[in-house]
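Just so it is clear, the values below take in all heavy atoms, side chains as well, and ignore hydrogens, waters and symmetry mates. Source: prediction; values computed, not measured. The first residue in the sequence is number 1, and the count goes up from there. Every number for a ligand or one of its atoms is a count from 1 in the order of the listing.
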Amino acid sequence: MSLPAVDRLPAHLTTPGAKPDLLKAELLDLITRAITNHPRSLQVQIGPSEVGHACPRRIGYKLLGHPENPGEPNWKATVGTAIHAWLEEVMITDNRARYAELADLTRWIVEATVDCGEVLGHPITGHCDLFDRVTGTVVDWKTCGPTQLKKYKAKGPGPQYRTQAHLYGRGWQHRGQDVHHVGVMFLPRNGDLREAYYWSEPYDEQVALDGLQRLEGIALAARHLGPAVLEQLDTADAFCSMCPYYKANSTDVTVGCPGDPGVRRTQPAPALTLIN
Ligand code: SF4
């Protein structure tokens, strides 16, 4: 096969022989800036994925608009976002391939905005990964590493993902759909597809309402007490070292959280120096 030649850039725009390390730094900087400026990284309003978070204090920080630690660019989340974009294409292609004759009556609705409810006058809206109009099922994609995948297979999705799925269910109900089931497809980030785990249960609006009610309680307390609420709110062992509000050894939670006491107990005690 003879492919057409590609024009060379003008000489004044090139730096042949530049150091590979410079290009590496430029590429990583580009990726980092793209991650930092992604809408998910800039999201300031609480969304369905956070309503059922195990740690009330973390929710409190978010509601108070507390600044997040700069931290590393979240590469794992970016890999997950890229997989979501690919899956979106897969579902759209299937709509065209198998359901084209149904005109606008496609089977899969992808990345649609849903309104899940309201807390103190603020709408809780989110983007639902997938809704299957044939079976009336909400599906959320989650990509995870091997340890997490094993945990979800053994213990199910946990309250955070379960609440999120039912909130989406409520959102679809608001958009006129009959919602029968909610599900989460856990996909291995670095494994084979056969290791995927699918969790599902019948849709129950009460799960969504319980999540909204819990959030409202925290929001009301935050409104009345301001940052002082942070000391009052329960904590949870929820990957504290990766929490955007974590501050090791903090003695002032209005500045940063030292982590859940249970987590701190598991850290090795500092070495003692004996003075004779
Ligand atoms: S560091 Fe841990 S306990 Fe503190 S807010 Fe974050 S998740 Fe909660």
How far is atom 6 (Fe) of ligand 1 from its nearest protein heavy atom, and which residue and atom is that? Cys243 SG, 2.4 Å

Hey, which of Ile59, Leu230, Leu225, Thr254 is the one that makes side chain to side chain contact (heavy atoms under 4.5 Å, CB included) with Leu64? Leu230

Charged tip of Lys142 within 45° of Tyr161 ring normal and under 6.0 Å: yes

For residues Tyr61 and Glu68, is any side-chain donor paired with an opposing acceptor at under 3.5 Å? no

Tyr197 and Tyr152 aromatic centres sub-6.0 Å: no

Should the pair Glu201-Arg162 be classified as a salt bridge under the 4.0 Å nitrogen-to-oxygen rule? yes

What atoms in ligand 1 come closer than 4.0 Å to a heavy atom of Arg58? 5 (S)

Element-labelled atoms of ligand 1 that are located less than 4.0 Å from some non-hydrogen atom of Thr235: 3 (S)

Within reach of ligand 1, part of Pro258 (heavy-atom separation under 4.0 Å): neither

Measuring from atom 4 (Fe) of ligand 1, which candidate in Cys240, Ala248, Cys257 has the nearest non-hydrogen atom? Cys257

side-chain hydrogen bond (donor to acceptor under 3.5 Å, both in side chains) with Tyr168: which of Arg170, Gln164, His166? Gln164

For ligand 1, which atoms sit closer than 4.0 Å to a heavy atom of Ala236? 2 (Fe), 3 (S)

Taking atom 8 (Fe) of ligand 1 as the reference point, the nearest protein heavy atom with its distance: Cys55 SG, 2.3 Å

